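All values derive from a computational prediction rather than experimental measurement.
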Amino acid sequence: MLANRLARRLRHLRGWAEAEGVSCFRLYERDIPEFPLIVDWYDGDAVAWIMPRTRDDTPEAERAFRERAIGEIRAGLALGPERLWIKERAGQRAGGSRDDQYERLQARGAVKVVTEHALRFEVNLSDYLDTGLFLDHRTTRSLIRRYAEGKRFLNLFAYTGSFTVHARAGGARASTTVDMSRTYQDWTRRNFALNGQRESPEHRLVTADCLAWLRAGPKAGESYDLIVCDPPTFSNSKRMGGATWAIDRDYPELLRLIEPFLATGGFLYFSTNSRGLKWENAAVPAGLQCRDLGDRTVPQDFRNRKIHRCWRLSKPAADRAGE
């Protein structure tokens, strides 16, 4: 069942992906209840996350299921073992801690370059829980690129900087990219280089805890026309001084911290993968208008239309605030 499903999906999506100008996309996400897997395609390689099943109540049963799943993935996608990357997923994108993403799990260095709308990105298929490019935000990245011309852009919790690459490709005149990980900021620099971009005084990378950076407030004259914030669901990183962070609880404070950085007439795209967040419009800072984008930012290759949630917040001029 799984092999046939994967083969059909790959045949269907290859033509779509070529027309879209993308070389990586989601093939499968728990489509068949018997196979609770996620499989993503990366231009000739596949990355698969195998989820535990309650019916597999012994180590032998777990091992048998794993071997069966791997065999069907390889058969359905016609892949040799060197082209299939298996991961055990318990990280931030499944509701765990963003801290896990910062830990290198292996040192195999299966690095390749993939394309997305004529832009190039480095992905690491082997060494981390995630590959370096969140495929579910492909549509949102395109929105940022579309509206970036002449704008000042701020990317918070930036990971490997893919939003910034799109903003700069769209003509952003300045950008600030903030993430606490030196590893990911170096990765962002490599993504810049792949697209003929470089770090500069106008396009700066800030290695800092985003919350501490925001709490310091904007410098005189510092404001941004376009902001993206895709924060972790939960963190208790030592880099944060031992404090815990939970988006379900702390998103009102995060919005309050971001608001002074947003220019009049500007837009904030705020996204989360948490299904437990109960959004309250009363938590939106005064002076901002909010629109729930629903599933409109979820790409069409994603069967799970609730993979993330996204809101667009705007700061209209005072004389238009009541419109």
Arg309 versus Thr272, side-chain donor and acceptor atoms under 3.5 Å: no
Under 3.5 Å, is there a donor-acceptor pair between the Trp85 and Asp45 side chains?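 Present: a donor and an acceptor within the cut-off.
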Using the ring centroid of each side chain, check whether Phe121 and His166 are separated by less than 6.0 Å. yes
Does the ring centre of Phe134 sit less than 6.0 Å away from the ring centre of Tyr159?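 Ring centroids of Tyr159 and Phe134 are less than 6.0 Å from each other.
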Measuring from atom [atom1] of [X] to atom [atom2] of [Y], what distance do you get when rounded to the nearest 0.5 angstrom?
X	Y	atom1	atom2	answer
Ser314	Leu288	OG	CG	7.5 Å
Thr139	Phe302	OG1	CZ	9.0 Å
Glu253	Leu214	CD	CG	9.5 Å
Leu255	Cys290	CG	SG	8.0 Å
Arg146	His117	CZ	NE2	10.0 Å
His137	Ser162	NE2	OG	9.0 Å

Between the side chain of [X] and the main-chain N/O of [Y], is any donor-acceptor distance below 3.5 Å?
X	Y	value
His203	Thr176	no
Gln289	Leu313	no
Lys315	Glu259	yes
Lys151	Gly171	no
Asn195	Gln197	no
Arg305	Pro299	yes
Arg152	Tyr224	no
Trp213	Val178	no
Thr160	Gly132	yes
Arg120	Thr115	no

Does a salt bridge link [X] with [Y], judged by any charged N lying under 4.0 Å from a carboxylate O?
X	Y	result
Glu72	Arg68	yes
Arg204	Glu199	no
Arg189	Glu122	no
Arg303	Glu29	no
Arg26	Asp301	no
Asp292	Arg312	no

Could you tell me which non-hydrogen atom of [X] sits nearest to which non-hydrogen atom of [Y], and how far apart they are?
X	Y	result
Arg249	Thr244	NH2-O, 3.3 Å
Thr264	Ala317	CG2-CA, 3.6 Å
Thr207	Gln185	OG1-CG, 3.4 Å
Asp127	Asn124	N-OD1, 2.9 Å
Leu277	Asp248	N-OD1, 3.3 Å
Ala46	Trp41	CB-CE3, 4.4 Å

Would Arg168 and Phe192 count as a cation-pi pair here, with the cationic atom under 6.0 angstrom from the ring centre and within 45° of the axis? yes
Taking the six-membered ring of Phe65, is the NZ or CZ of Arg53 close enough (under 6.0 Å from the centre) and on axis enough (within 45°)?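 Yes, a cation-pi geometry.
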Check each of Thr188, Asn155, Thr164 against Thr177 using the side-chain hydrogen bond (donor to acceptor under 3.5 Å, both in side chains) test, and report the only one that passes. Thr164
side-chain hydrogen bond (donor to acceptor under 3.5 Å, both in side chains) test vs His308 passes for just one of Asp136, Asp295, Asn273, Asp230, namely Asp136
For Arg198, is the CZ atom crowded, meaning more than 12 foreign heavy atoms sit under 6.0 Å from it? no
Verify side-chain contact (heavy atoms from CB on, under 4.5 Å) between Arg173 and Glu202, making sure each step is shown before the conclusion. CA-CA 7 Å; Arg173 62 184 174 92; Glu202 293 77 26; over 6 Å; no
Are Trp311 and Tyr251 linked, directly or through intermediate hydrophobic residues, by side-chain heavy-atom contacts shorter than 4.5 Å (ILVMFWY only)? yes
